[in-house]
Amino acid sequence: MVSGLEVSPDELSRLITMKTAESEGVEHACAWMTSVTEATVMSVDPIEGSHNRKAVVYSERYGQRTVVCGAPNCRADLLTAYVPPGVTLDDKVIRKTVIAGVESDGMLASGAELGLNGDSDGILELTTGALALCAPDAVIEIDNKSLTHRPDLWGHHGMAREVAAITNGKLIDPVNLTLLPEGPSPIKVDIESFGLSPRYSALVLENVTVQPSPLWLQQRLEVIGLNPINNIVDVTNYVMSELSQPMHAFDAGKLAGDTIYTRRARAGESIAALNGETYALDLTNLVIADANGPIAIAGVIGGNDSAISSATTRIVFESANFNADSVRRTSTRLKLRTDASMRFEKSQDPHNTLRGLARAVELLQVVSPGVRVVGGVADVCAVMTPPPPIELPLEWLYRKLGRTLETAEVTGILERLEFGVTETRPGVLIVTVPTWRATKDISLKDDLVEEVGRMIGYASITPTPPLVPANVPHPNAERAYFHKVREMAAAQGFTEVYNYSFISDEMASELGLDPEKHIRVANPIASDQSLMRSSLLPGIRRNIQDNSRHFTSFRLFEIGMEIHPRPDTLPDEIPTFVAALYSKGNGEGNLFELKRLGECLLPGLELRPAPPRSFEHPVRAAVVLWDGIEFGRLFEFHPSLIETGRAAILELNLGAMFRQRRTIQTYCPLRRYPASAFDLSIVAGLRELIGEMESRLKTLAGTDLVSLEFITKYAGPPLPADRKSVSFRLTVGAPDRTLSSEDVAVIRNRVIEGMRQAGYELRV
């Protein structure tokens with residue numbers, strides 16, 4: 001298809017990889033055909049005691065030879081294929097050897113042994129000159145994943161177009177459209193939806209003889225991995241491989257009526273396919289049908305009831321175009337991928353249907369001599385609007401490429417790829433896109449940059465850094481603060497988790513959150529992500545449930561946005577910090593550990609009991625206060641929500657914390673004078689808040705208090721059942737002197753007296 005091509009297959013493979021698509025290598029097929037020749041069997045004699053026979057063959061190239069052959073069709077006057085000694089067939093070396101006492105000088109080969117077809121039942125039966133058309137070949141394997149956007153490259157002609165552009169060769173078009181007759185067609189076409197089937201072309205032929213294809217055609221199909229079947233089916237596969245236009249042939253005598261319908265399958269319809277399977281169809285499947293029902297699954301596979309057989313004499317050739325998404329959905333639903341469906345899924349060019357018919361007519365005249373076309377072409381198609389031209393400013397192209405080119409070089413590259421190019425004004429090209437590149441590939445001037453770039457070779461472009469200013473972004477104080485919170489939590493042994501910002505109605509309801517008070521997603525990506533979360537807790541609870549199946553204890557945290565709806569405006573997004581501590585034991589220390597984490601983030605925080613929310617433990621819930629402002633909550637999940645253990649939660653409003661953060665740090669020098677400490681044990685009611693006691697002690701100790709430390713609490717004999725003892729250590733000192741024992745005693749007595757006046761009993 002490319003004249004004057006002198007590049008070796010290996011070099012061509014490299015060029016294709018560099019400029020078009022990844023080549024996985026070169027496979028040399030039928031290399032032995034340079035040594036194989038046609039030979040006439042002169043005589044055949046039996047060998048006593050053996051199923052083999054001695055054959056004397058003659059060829060002009062090797063003269064007369066004697067071979068031992070066991071093929072049942074080996075007979076005198078047969079023209080077959082002779083393989084001389086020294087030739088390697090795949091990994092088998094043919095040698096002169098003795099078989100059943102007879103010296104065999106080479107072998108007679110079957111089509112399968114020569115790689116020409118799959119027939120291994122006997123040796124080849126040739127017509128004069130047939131073997132000369134079966135030359136050695138080289139197959140360049142292209143990675144089809146790199147061709148998804150190039151439906152034209154799913155055929156050899158499209159790849160030949162690329163090779164012609166790469167090597168400056170001349171592309172030869174194998175299609176002769178003048179072979180298509182004019183006039184009315186004996187077959188009618190009815191398309192239900194042009195959205196599903198943009199074009200359907202059909203041609204009727206008679207005086208058809210169904211027989212094996214010529215050897216050259218069988219070889220070409222075999223080499224590219226397609227099984228030769230018969231001359232009619234082989235022509236459809238050949239055209240599909242050559243032009244990337246899938247085709248199908250129906251036995252005209254098996255069709256009901258004079259109209260072919262392209263329509264959706266109807267409820268309850270099914271089809272027995274060519275692969276021997278029967279497929280139940282539904283309304284999502286596009287079918288080809290006659291008056292009696294489906295005769296093919298559009299773009300996927302033909303039906304067995306209208307298949308070509310040895311008795312076929314009249315055929316209808318189909319060359320159509322189908323919606324890529326429809327074919328893909330049908331193929332996936334039926335779990336059936338075919339060579340045709342893989343091509344249609346790539347958005348084939350509707351203009352290619354007539355080209356496929358013209359090529360098929362030419363091939364049929366070769367493989368089925370005497371075939372006649374009946375009437376004209378039945379061709380029904382949607383209005384096909386040509387793709388709009390693209391304006392390509394050359395200065396813009398050079399800037400995008402990173403190098404300059406001559407205008408003639410750019411024009412030449414695009415014209416070799418069969419784009420239309422016109423220079424409407426200096427430095428500006430108007431480029432028209434060929435139809436086979438417009439279905440899924442070229443639509444913008446940016447696409448044309450790639451076309452030029454790959455052809456000149458990206459290695460020809462000198463790599464340079466982009467000439468753009470690189471300014472340091474303004475500092476983001478909020479982001480830096482969140483990073484510090486994240487680092488602090490990680491330093492305390494907590495592992496960060498990331499959850500989706502979407503939850504389900506069920507996840508919200510499980511925590512007593514009203515789904516109707518959430519923002520509902522109009523088009524959720526999954527059924528369990530229909531709501532935008534107004535709390536991080538549903539996701540955290542799911543994390544706890546998942547991890548509790550594998551670990552007896554763990555710590556985790558998340559920083560994310562709570563999203564709350566607001567009427568007539570955008571939702572309110574609140575940055576939130578949630579930390580969780582889980583253990584399978586009684587978990588008594590979990591709340592204290594989270595309080596310690598809270599104190600790392602908010603030094604000096606206070607906790608006050610609070611009425612529990614629906615998902616909180618009835619008596620283990622508190623608000624977090626800092627400088628008298630509420631910033632969040634510390635609580636345990638309700639036991640019904642976490643059945644395998646106990647999970648304590650610290651929930652903080654990061655946005656409020658950031659706004660209230662202390663940006664000025666006051667320097668406090670090291671103490672120059674020693675401090676003194678004393679312990680006090682206070683007897684109070686069981687439900688008395690330790691925080692209340694701490695607050696009173698700080699007030700009573702006054703400015704000389706250096707630190708106040710909770711030591712322990714005790715409940716039990718000899719204390720009454722409704723009382724507890726809480727022990728504190730008070731450290732006092734002065735910045736300008738060492739307090740005397742009398743000074744310390746004054747402070748201690750003041751504290752004791754003040755606590756007694758407040759109603760507390762002290763154990764001193």
Side-chain angles (χ1 to χ4, degrees), residues 482 485 489 494 496-549 554-582 587 590-591 594 598 607-625 629-657:
F482 291 174
V485 171
F494 288 77
E496 186 172 10
V497 297
Y498 294 88
N499 291 307
Y500 285 118
S501 298
F502 309 100
I503 62 174
S504 65
D505 291 55
E506 181 184 3
M507 292 173 66
S509 299
E510 286 173 347
L511 294 186
L513 306 176
D514 186 357
E516 299 307 318
K517 294 183 179 181
H518 290 69
I519 298 174
R520 192 167 293 276
V521 181
N523 187 22
I525 60 176
S527 59
D528 61 346
Q529 298 182 25
S530 57
L531 305 177
M532 300 190 76
R533 65 182 179 185
S534 63
S535 170
L536 274 61
L537 295 176
I540 289 292
R541 177 177 175 251
R542 180 69 57 86
N543 298 143
I544 293 172
Q545 290 175 321
D546 292 342
N547 284 278
S548 65
R549 290 193 287 268
F554 52 83
R555 306 177 179 206
L556 52 85
F557 76 94
E558 181 180 11
I559 293 176
M561 292 291 184
E562 291 184 355
I563 304 169
H564 298 270
R566 292 188 295 181
D568 304 323
T569 186
L570 293 175
D572 187 19
E573 298 187 39
I574 302 175
T576 303
F577 171 87
V578 175
L581 203 161
Y582 169 86
N590 292 351
L591 288 171
L594 284 180
L607 297 177
R608 292 193 180 276
R613 294 177 290 184
S614 59
F615 49 83
E616 295 178 346
H617 193 287
V619 296
R620 295 172 185 162
V623 294
V624 177
L625 302 175
I629 301 173
E630 182 176 332
F631 283 93
R633 294 178 74 88
L634 176 65
F635 62 92
E636 271 191 16
F637 266 131
H638 194 281
S640 64
L641 298 176
I642 308 294
E643 297 179 355
T644 60
R646 293 171 64 172
I649 304 293
L650 174 64
E651 184 181 25
L652 299 174
N653 185 326
L654 275 186
M657 290 169 58

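Source: prediction; values computed, not measured.
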Work out which heavy atom in [X] is nearest to a heavy atom in [Y]; give both atom names and the distance.
| X | Y | result |
| --- | --- | --- |
| Gly655 | Asn653 | N-OD1, 3.0 Å |
| Tyr500 | Arg533 | O-NH1, 3.5 Å |
| His518 | Ala508 | CE1-CB, 4.1 Å |
| Pro571 | Ile563 | CB-CG2, 3.8 Å |

Distance (rounded to the nearest 0.5 Å) between [X] [atom1] and [Y] [atom2]:
| X | Y | atom1 | atom2 | result |
| --- | --- | --- | --- | --- |
| Leu581 | Phe554 | CG | CZ | 9.0 Å |
| Glu516 | Asp514 | CD | CG | 6.0 Å |
| His564 | Ser534 | NE2 | OG | 5.5 Å |
| Tyr582 | Arg541 | OH | CZ | 12.5 Å |
| Phe615 | Ile649 | CZ | CD1 | 9.5 Å |
| Ile559 | Thr576 | CD1 | OG1 | 10.0 Å |

Of all residues at least two apart in sequence or in a different chain, which pass the salt bridge (charged side-chain N to carboxylate O under 4.0 Å, His left out) check with Glu496? Arg486
Any side-chain heavy-atom pair from [X] and [Y] closer than 4.5 angstrom?
| X | Y | result |
| --- | --- | --- |
| Phe557 | Leu536 | no |
| Met561 | Pro575 | yes |
| Ile540 | Ile544 | yes |
| Pro515 | Ser509 | yes |
| Val521 | Gln529 | no |
| Arg520 | Ser530 | yes |
| Phe502 | Asp528 | no |

Mark yes when over 12 heavy atoms from residues, nucleotides or ligands other than Arg542 sit less than 6.0 Å from its CZ; otherwise mark no. no
Please check if atom CD in Glu630 has more than 12 non-hydrogen atoms from other residues, nucleotides or ligands closer than 6.0 Å. yes
Please check this pair: side chain of Ser614 against backbone of Leu511, looking for a donor-acceptor N/O pair closer than 3.5 Å. yes
Please check this pair: side chain of Glu558 against backbone of Asn499, looking for a donor-acceptor N/O pair closer than 3.5 Å. yes
Identify the residue among Leu591, Asn590, Val624 that makes a side-chain contact (heavy atoms from CB on, under 4.5 Å) with Leu650. Val624
Listed by chain and number, what are the side chain to side chain contact (heavy atoms under 4.5 Å, CB included) partners of Ala621, not counting sequence neighbours? Pro612, Glu616, Arg633, Phe635
Parallel, tilted or perpendicular: which fits the ring planes of His638 and His617, with parallel below 30° and perpendicular above 60°? tilted
